[in-house]
**Student:** 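The structure under discussion is supplied below as structure tokens; questions concerning it will follow.
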Amino acid sequence: MTVELDFAKILKTLRINNKLSQEELAFRSDLDRTYISMLERSIHQPTISTIFALSRALNIKASEMIKLVEIDCENDIESNQKN
């Protein structure tokens with residue numbers, strides 16, 4: 001996986017774990033629902049301000065959100081090295 005795909009996966013997981021629809025996450029983060037969808041499908045990549053808006057809406061620190069992406073990337077690398 002790429003960091004872009006890992007971010008998309010983490011964003012969707014956090015949204016679902018918070019029991020939020022894309023529409024509700026968009027409302028809470030002052031973003032458009034279609035943009036949330038594109039982020040979750042890795043069509044678009046977030047700016048730093050978008051990451052902060054999303055993290056506030058998801059009740060997580062932006063640094064923690066990035067850390068989750070980093071961990072996912074590291075797991076991908078370890079998995080690829082084993083194969």
**Student:** Quick check: are there more than 12 heavy atoms from other residues, nucleotides or ligands sitting under 6.0 Å from OH of Y35?
**Tutor:**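 Count over threshold, so yes.
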**Student:** Which of these passes side-chain contact (heavy atoms from CB on, under 4.5 Å) with L25: L14, L31, L11, L39?
**Tutor:** L11
**Student:** Kindly indicate whether the side chain of L68, heavy atoms from C-beta on, has any atom under 4.5 Å from the side chain of I60.
**Tutor:** yes
**Student:** Considering non-hydrogen atoms only, spot the tightest contact between R33 and A26 and give its length.
**Tutor:** N-CB, 3.5 Å
**Student:** For M65 and L54, work out which heavy atoms get closest and say how close.
**Tutor:** CE-CB, 4.2 Å
**Student:** Which distance, rounded to the nearest 0.5 Å, do you find between the CD of E24 and the CD1 of I36?
**Tutor:** 11.0 Å
**Student:** Will you find, in the side chains of T34 and S37, an N or O donor that is under 3.5 Å from an N or O acceptor?
**Tutor:**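 Note: T34 and S37 side chains miss the donor-acceptor criterion.
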**Student:** Would you say CD of Q45 has more than 12 non-hydrogen atoms from neighbouring residues, nucleotides or ligands within 6.0 angstrom?
**Tutor:**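 Enclosed.
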**Student:** Has the side chain of R15 got a donor or acceptor atom that lies under 3.5 Å from a matching backbone atom of L20?
**Tutor:**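 Looks like yes, one N/O pair under 3.5 Å.
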**Student:** Using side-chain heavy atoms (C-beta onward) and a distance below 4.5 Å, is V69 in contact with D72?
**Tutor:**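 In short, these two side chains do not touch, never coming nearer than 4.5 Å.
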**Student:** First locate atom CD of E74, then atom CG of D6, and finally report the distance between them rounded to the nearest 0.5 Å.
**Tutor:** 10.5 Å
**Student:** E4 and T2: side-chain donor and acceptor closer than 3.5 Å?
**Tutor:** yes
**Student:** For the atom pair CD (E40) and NZ (K12), what is the distance rounded to the nearest 0.5 Å?
**Tutor:** 6.0 Å
**Student:** How long is the straight-line distance from CD1 of I16 back to CD of Q22, given to the nearest 0.5 Å?
**Tutor:** 9.0 Å
**Student:** Mind checking the CG-SG spacing from L5 to C73? Nearest 0.5 Å is all I need.
**Tutor:** 9.5 Å
**Student:** For N17, look at atom CG and say whether over 12 heavy atoms of other residues, nucleotides or ligands are found less than 6.0 Å away.
**Tutor:**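 It does: N17 CG has more than 12 such atoms within range.
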**Student:** Taking atom CD of E70 and atom CZ of F7, what is their separation to the nearest 0.5 Å?
**Tutor:**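 The CD atom of E70 sits 14.0 Å away from the CZ atom of F7.
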